[in-house]
Trainee: 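Once you've had a glance at the structure underneath, I'll fire off some questions.
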2 protein chains.
Amino acid sequence: MSQNGAGVNLETSLGYLLKEASSALRVAMEEVLRPLGMSVTHYSCLELLAQRPGLSNSELARGAFVTRQSMNVLLQALERDGYVTRPDEAPVGKALPARLTPRGRRSLEKATVAVRSVELRMLAGLTETEQSDAFRLLKSMIHSLRDSDDAT
Amino acid sequence: MSQNGAGVNLETSLGYLLKEASSALRVAMEEVLRPLGMSVTHYSCLELLAQRPGLSNSELARGAFVTRQSMNVLLQALERDGYVTRPDEAPVGKALPARLTPRGRRSLEKATVAVRSVELRMLAGLTETEQSDAFRLLKSMIHSLRDSDDAT
DNA sequence: TGACTCATGTCAGTATTCTGACATAGATTG
DNA sequence: CAATCTATGTCAGAATACTGACATGAGTCA
């Protein structure tokens with residue numbers, strides 16, 4: 001149409017499409033989590049702790065793709081409300097291993113069902129083969145982006 | 001490892017991987033845009049206007065995946081700083097068609113080059129066929145997610 | 001025509017995330 | 001052993017995006 005020479009055509013840009021897909025996923029997740037009074041980061045934190053008990057604040061932050069400062073704010077709220085517990089002293093270093101309380105686990109159960117339904121909906125039109133293709137392609141993109149993060 | 005029954009295994013979840021890829025892309029874009037004093041949303045707005053001159057605030061918001069209120073704040077700043085112009089009166093309805101000024105176009109040029117390099121890096125490990133596969137698969141996921149947005 | 005619905009621009013306040021900064025614990029290195 | 005580096009937790013302030021709300025213009029419909 002216009003200046004297509006050095007531009008990034010949004011219609012054909014995989015980056016743009018990636019952002020669009022991620023946005024659609026986030027919206028869909030927020031939609032099903034809102035009735036449970038839970039944000040996406042909130043859910044991510046609980047899910048991470050369920051699958052990898054004892055993760056520290058910084059590890060949770062990396063797993064949820066936010067800064068450790070942001071995760072700290074969330075974690076303190078979750079601790080205050082009794083969804084998560086952390087020891088008063090670090091067993092080693094400064095990292096405090098966090099764990100779900102029974103209440104946290106209970107809260108997560110409903111959310112997991114809701115999020116699972118969203119993921120299934122997203123994959124509805126894809127065959128098993130296409131799903132593993134998508135997995136492999138995304139892995140490759142992530143790897144390429146991270147690789148030369150320093151070597152800029 | 002632990003409770004894999006009804007859970008969403010993060011290691012094998014396409015949703016999680018999608019979020020990871022999108023996060024990596026955002027980080028990489030912020031990295032190259034920061035020296036230009038430009039945020040991702042800022043760049044998205046200019047790029048959208050370059051490719052589709054005359055888009056309204058609401059249309060730009062949808063294209064950049066933010067609310068129209070957020071885009072309005074950005075757009076007013078861009079207008080104040082002389083990157084964008086909007087007519088005082090709407091030619092039809094209330095929508096004000098925005099356009100890049102020469103200064104906005106000049107500012108975008110450098111950013112486009114930077115972002116293009118990120119996108120190329122992301123696709124470095126993929127063949128042409130794999131890229132169109134990724135495109136098709138992402139399109140399918142987006143469609144599936146949007147389809148039943150209302151029918152919840 | 002008049003009531004209704006819908007999309008838009010915009011203001012205000014809230015919430016969330018980020019950047020900057022500091023102190024501390026462990027590992028590395030000379 | 002001392003210096004340095006890296007990672008961590010945490011506080012504070014700034015930036016960014018969001019929800020809520022209101023008024024306005026255009027289309028629909030009875």
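Naming: A, B, ... by sequence-line order, numbering from 1 per chain. This structure is a prediction, so every number in the text was calculated from the model and none was measured.
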Trainee: May I have the distance from B/Glu89 (atom CD) to D/dT24 (atom C1'), rounded to whole angstrom?
Mentor: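 Value for this atom pair: 13 Å.
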Trainee: Compare side-chain N and O positions of A/Asn57 against OP1 and OP2 of D/dG9 and report whether any pair is under 4.0 Å apart.
Mentor: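 Yes, because at least one side-chain N or O of A/Asn57 sits under 4.0 Å from OP1 or OP2 of D/dG9.
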Trainee: Between B/Glu30 (CD) and D/dT16 (P), how many Å, whole number?
Mentor: 10 Å
Trainee: Test B/Ser107 against every option in B/Leu46, B/Asp81, B/Leu36 by the side chain to side chain contact (heavy atoms under 4.5 Å, CB included) rule and name the one that passes.
Mentor: B/Leu46
Trainee: When you check the gap from the basic side-chain N to the acidic O, do B/Arg105 and B/Glu109 get nearer than 4.0 Å?
Mentor: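 Not counted as a salt bridge, because no side-chain N and carboxylate O are separated by less than 4.0 Å.
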Trainee: For B/Gly54 and B/Leu49, work out which heavy atoms get closest and say how close.
Mentor: N-CD2, 4.4 Å
Trainee: Take atom CZ of A/Arg62 and atom P of D/dT6, then tell me their distance rounded to the nearest Å.
Mentor: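 In whole Å, D/dT6 P lies 15 Å from A/Arg62 CZ.
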Trainee: How is A/Leu96 classified with respect to the nucleic acid when contacts are heavy atoms under 4.0 Å: base, sugar-phosphate, or nothing?
Mentor: sugar-phosphate
Trainee: Does one side chain, of B/Glu47 or B/Tyr43, offer a donor that lies under 3.5 Å from an acceptor on the other?
Mentor: yes
Trainee: Would you check if the distance from the ring center of B/Phe65 to the ring center of A/Tyr16 is below 6.0 Å?
Mentor: yes
Trainee: May I ask you to check whether B/Ser56 and B/Glu59 show a side-chain donor-acceptor distance below 3.5 Å?
Mentor: yes
Trainee: Check the pair B/Gln76, B/Arg86 against side-chain contact (heavy atoms from CB on, under 4.5 Å), reporting the backbone distance first and the verdict last.
Mentor: CA-CA 10 Å; B/Gln76 285 178 353; B/Arg86 284 190 290 181; 4.0 Å; yes
Trainee: When the nearest nucleotide of DNA chain D is assigned to A/Glu59 and to B/Ser39 on a heavy-atom basis, which residue is associated with the more 5' position?
Mentor: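 Closest to the 5' end, via its nearest nucleotide, is A/Glu59.
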Trainee: Does B/Arg68 have a side-chain nitrogen or oxygen under 4.0 Å from the phosphate oxygens OP1 or OP2 of D/dT19?
Mentor: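 Checking B/Arg68 against D/dT19: no side-chain N or O falls below 4.0 Å of OP1 or OP2.
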Trainee: Taking only side-chain nitrogens and oxygens of A/Ser56, does any of them come within less than 4.0 Å of OP1 or OP2 of D/dG9?
Mentor: yes
Trainee: Hey, is the side chain of A/Gln69 pairing donor to acceptor with the base of D/dG9 inside 3.5 Å?
Mentor: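 In this structure, the two groups form no donor-acceptor pair.
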Trainee: Between the protein and nucleotides 25-28 of chain D, are there any N/O to N/O pairs under 3.5 Å, and if so, what are the atom names and distances?
Mentor:
from	atom 1	to	atom 2	distance (Å)
D/dA26	OP1	B/Gly93	N	3.4

Trainee: How close or far is atom C1' of D/dA17 from atom NE2 of B/His42, stated in whole angstroms?
Mentor: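 One finds 16 Å between C1' of D/dA17 and NE2 of B/His42, rounded.
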Trainee: If you measure only the distance, is there a donor-acceptor pair under 3.5 Å linking the side chains of A/Glu119 and B/Ser13?
Mentor: yes
Trainee: Which is the 5'-most and which the 3'-most nucleotide of DNA chain C that has an atom under 4.0 Å from a heavy atom of chain A?
Mentor: C/dT17 to C/dG26
Trainee: Could you check whether B/Glu20 pairs with A/Lys139 (Lys NZ or Arg NE/NH1/NH2 to Asp/Glu carboxylate O, under 4.0 Å)?
Mentor: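 Result for this pair is no, no salt bridge flagged.
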Trainee: Please work out if B/Ser58 contacts a base, only the sugar-phosphate, or nothing of the nucleic acid, heavy-atom cut-off 4.0 Å.
Mentor: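 Counting heavy atoms under 4.0 Å across all strands, the contact made by B/Ser58 is with sugar-phosphate only.
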Trainee: To the nearest Å, how far apart are B/Asn72 CG and D/dC22 C1'?
Mentor: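 The distance from CG of B/Asn72 to C1' of D/dC22 comes to 14 Å, rounded to the nearest Å.
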Trainee: Indicate whether OP1 or OP2 belonging to D/dT16 is found under 4.0 Å from a side-chain N or O atom of B/Thr41.
Mentor: no
